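Below is one structure; the comments refer to it alone.
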Amino acid sequence: METAMKNAEIARIFSEIADMLDFLGDSPFRVRAYRSAARYLMDMEEPIERVAEGGEKALDELPYIGHDLAAKILEYLATGRVRKHEELKKQVPPGVLEVMRVPGVGPKTAKLLYDELGVDSLAAFKEALESGRVLELPGFGEKKRARLLHNLELVEAAGRRRPLGEVLWVARALVERLEQLPQVEHAALAGSARRYKETVGDLDLLAASRRGRAVTDAFVRFPEVDEVLLSGASRATVFLKTGLQVDLKIVEPDAWGSGLQYFTGSKDHSIHLRTMALDRGLKINEYGVWKGARRIAGKTEEEVYSALGLPWIPPPLREDRGEIEAAQAGALPELVQLDQIKGDLQVHSTWSDGKATLEELAAAAAERGYAYLAVTDHSPAVRVAGGVPPEKVAERIAAIRAVNEKTGGRPYLLAGAEVDVLPDGRLDYPDEVLAQLEIVLVAVHAHFSLDRQRQTRRILKALENPYVHVLAHPTARHLGKRDPIEADWEKIFETARALGKAVEIDGYYARLDLPDTLARRAGELGLTVSLSTDAHAVDHLRFMELAVGTAQRAWLGPDRILNTRNLKELQNWLEAVRG
DNA sequence: GCCGTTTTCGGCCCGACTGTTTTCAGTCG
C-alpha cells in the first residue's frame, strides 16, 4: 500500500513557514500560498515522492504548487530540510507559534504580546492573561481577556492530542513497515486509535517477535523518526518528524493476543476485565491469562476473552460503557461495517467550496464501489464556502442529472444541498427551491453562541421544515478549536424521531459530529443515522472509515444507518420523509 | 507564492463578528 508520510512532513514545514511569515508581517497572499499548498499536501493520498519522480515539472503541475514550492519539495526530499524554514526559525521564537494557535490570536496580537509583554510560550500567555497584564495593551478589555483565557484552556485541554484522522494513515504505514521486518511475526495498531477514539495522544503499536532488540533497533531507524526517547528489548518510544509520539511494544508471539488486548485498552475496560479475572482465580497481564503459574490463554484476543467466558469484544466498544455486561449476557450489538456502506451522504463539489468536479466525484465514488453519492453543496449564507444562490440551483441540478446520464447512474448522484440554518431557524433556501432537491441536509455554520433555549428552538424549527431530511454535523464542533454548541439534544432527537428524520455522523476528521456518546443516545432513541464524510476533495471520501468507527463506538448496527440501504430503499425513505 | 482564452505582472473573497472603539482593527470562515 502506498503511504504519504512525506506529504505530512512537508505540509507541516510549509504550514510553519506560513505561520512565521504571518507573524513577521509578510504578504498575506504569500502566507496563503504556503497554507494552501500545505493543505493540498495533507489532502492528497498519493505520496509526493512518487510525483517528484517526474521532477520539478511534475510537481509544478499540481495545484497550489508552483516553481518555488516545487523546488522546496525537492530540496526537502533530497536533504531532509528546507533552508527557508530553518532561517525563519532563527527569527521567530517557537513558542510564539503555539500562542498563535489559540483561537482569537492572530499574527498581529501575537506580535503585540511578544513585543510588549515578552509572551513567547503558552505558559507566558496564560500568566499574562491571568495577571491582567494584557489589559495594558491597546485593544484589550476584560471581555477579550476572558475569552482568550477560555480559548487557551481549550487548546491546553486538547493538549498534544490530535484528531484520529490526522494520524491513522501514518500509523498504518508504520505497521506495514514493521510487518516487513524479518524478525516480526505480526504487527498491529493498538491503543485508542484502534478503538477509533476521536483524538489520540500518541500511537501505540504492537509487534510480536522473539527478537525484540532487533525490532526496536530497526524501528528507531525508520526514516520518519526524528528523535528517540528510549529503546530497549521490549519497547521503544520515538517522536516522528511530524511531532507525533509513537510507542512500540514487543511481545513474544505466544503473548500476541494478551498483548494486543492490554495495549488496546481502554484502561477502564482492562481494569474491569482484570477484576473479573480475579473473581475467577485468574490473573491477566500483557503476557497472558494465568491460573497460578500456568498460562491458560494469550495467543489470540479471542482466547483471552474466552478464558473469562466472554465473546471477543470489538475494540470500538472497549470503553467500559456496558460492553462487558452485554458480552456476558450474550447481547453484544451487531455493529455497522465499512463494507456495508452503499454511498456517501454529504459531499461538496466545485459548485460551492469543493475541489472536485461532479465528474471527479462520480468517478471516485465508483472506485469505492458506491451505488450513490449525495452532492450537497452549500447554500449562499455560508459565504466563505461560495454557496449556490437559489436562482442557480436549477442549473446545478441539471448539471448533476447530466452526469448521471453520462454514467448511467453508476454511481447515482443525488441532487442535494447542505442548507444553512439561520439564527431564527429559518432556512437559507425558500421551500420551492428545497422541493426540487432530492436530499436536503440542514446545518449550523454561524451564531454558535446562542443560548441553549434559542439554539434548541432554532434547530427544531429547521427540522420541522417538511423538505428537510437530515440534521448535518449537529453540534458544529471542531476538534480542539470550537466547542459543541449548546442545545437540548434529547428534545431535538425526540423531535427528529417523531418527524422520521435522520441525524448525521459527519466523518470529516476535524468534526466527527455527532460525537460517539451523542450518537449512541440517538441510536437508543431509535433514530436513523446518516454517515458522511463532508468531503471537499475526492481524497476526503476515505473519512467514511472514521464515520463508521464513530458509529461503532456508538453501538450502532447496520439497520440504524441510512446509507446501508440500497438506492431504491434510500429513495423510498427520502420520499417517505416528505409524506 | 500561485495563477493566467490577460502568457507576464497584477490580482488574489470579503463580509460578519467581536470587542473595542468614537470610526476601527483583528480574526474568522
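Order of the sequence lines sets the chain letters (A, B, ...), proteins ahead of strands, with each chain counted from 1. If you're wondering where the values come from, they're calculated on a predicted model, not measured in any experiment.
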Would you list the pairs meeting salt bridge (Lys or Arg N to Asp or Glu O under 4.0 Å) in which at least one residue belongs to residues 355-367 of chain A, sequence neighbours left out?
D43(A)-K355(A), E359(A)-K406(A)

Anything under 3.5 Å between a donor and an acceptor, one on a side chain of residues 386-393 of chain A, the other on a protein residue two or more places apart or in another chain? List them.
none

Using the P atom as the point on both nucleotides, what is the distance between dC12(B) and dT6(B), in whole Å?
15 Å

For D488(A), all residues meeting side chain to side chain contact (heavy atoms under 4.5 Å, CB included), sequence neighbours excluded
R452(A), T456(A), E490(A), K491(A)

Centroid separation H478(A) to H473(A) less than 6.0 Å
no

Treating primed atoms plus P, OP1 and OP2 as sugar-phosphate and everything else as base, which nucleotides of nucleotides 18-28 of chain B get B, S or - for protein heavy atoms under 4.0 Å?
-SS-----SSS

P spacing across the pair dC14(B) / dC9(B), given as an integer number of angstrom:
24 Å

Please classify the nucleic acid contact of P63(A) as base, sugar-phosphate, or nothing, using heavy-atom distances under 4.0 Å.
sugar-phosphate

Hey, does the side chain of H445(A) come within less than 4.0 Å of dG29(B)'s phosphate (OP1/OP2), counting only N and O?
no

OP1 or OP2 of dG1(B) less than 4.0 angstrom from a side-chain nitrogen or oxygen of Y34(A), does that happen here?
yes

Any chance you could list the contact pattern along nucleotides 5-12 of chain B? Use B for base contacts, S for sugar-phosphate-only contacts and - for none, protein heavy atoms under 4.0 Å, 5' to 3'.
-------B

Can you tell if the side chain of R457(A) reaches within under 4.5 Å of the side chain of Q453(A), non-hydrogen atoms only?
yes

By side chain to side chain contact (heavy atoms under 4.5 Å, CB included), which residues pair with H536(A), not counting sequence neighbours?
H348(A), D353(A), H378(A), D534(A), H540(A)

Any side-chain donor near an acceptor of the partner, T550(A) and D516(A), under 3.5 Å:
no

Report, one line per pair, each donor and acceptor closer than 3.5 Å where one atom sits in a side chain of residues 458-468 of chain A; sequence neighbours left out.
residue : atom : partner : partner atom : Å
R458(A) : NE   : L422(A) : O            : 3.1
R458(A) : NH1  : A446(A) : O            : 3.3
R458(A) : NH1  : H447(A) : O            : 2.9
R458(A) : NH1  : Q455(A) : OE1          : 2.8
R458(A) : NH2  : V421(A) : O            : 2.8
R458(A) : NH2  : A446(A) : O            : 3.0
N465(A) : OD1  : Y467(A) : N            : 2.7
N465(A) : ND2  : D431(A) : OD1          : 2.9

Please measure how far the C1' atom in dG15(B) lies from the corresponding atom in dT22(B), and state the result in whole Å.
22 Å

Expected output is a numbered-order residue list: members of residues 65-87 of chain A with a heavy atom under 4.0 Å from any atom of DNA chain B. What is it?
I65(A), G66(A), H67(A), D68(A), L69(A), K72(A), K84(A)

Those residues of residues 450-457 of chain A lying under 4.0 Å from DNA chain B by at least one heavy atom
none

In whole angstrom, give me the gap between the C1' atoms of dG11(B) and dT7(B).
15 Å

For atom P, what is the distance between dC3(B) and dT21(B), given to the nearest Å?
42 Å

With sequence neighbours excluded, what pairs up with T517(A) under the side chain to side chain contact (heavy atoms under 4.5 Å, CB included) test?
R321(A)

Go through the steps to decide whether S532(A) and E504(A) satisfy the test side chain to side chain donor-acceptor pair (under 3.5 Å), and finish with yes or no.
CA-CA 7 Å; S532(A) 83; E504(A) 186 190 55; 2.7 Å; yes

List in chain and number order the residues that pass side chain to side chain contact (heavy atoms under 4.5 Å, CB included) with D68(A), two or more places apart in sequence or in another chain; answer none if no residue qualifies.
K72(A)

Do E98(A) and R101(A) meet the salt-bridge criterion of a basic N to acidic O distance under 4.0 Å?
yes

Results of side-chain hydrogen bond (donor to acceptor under 3.5 Å, both in side chains) for T528(A) - residues two or more places apart only:
none

Atom P, compared across dT18(B) and dT23(B): separation rounded to whole Å
22 Å

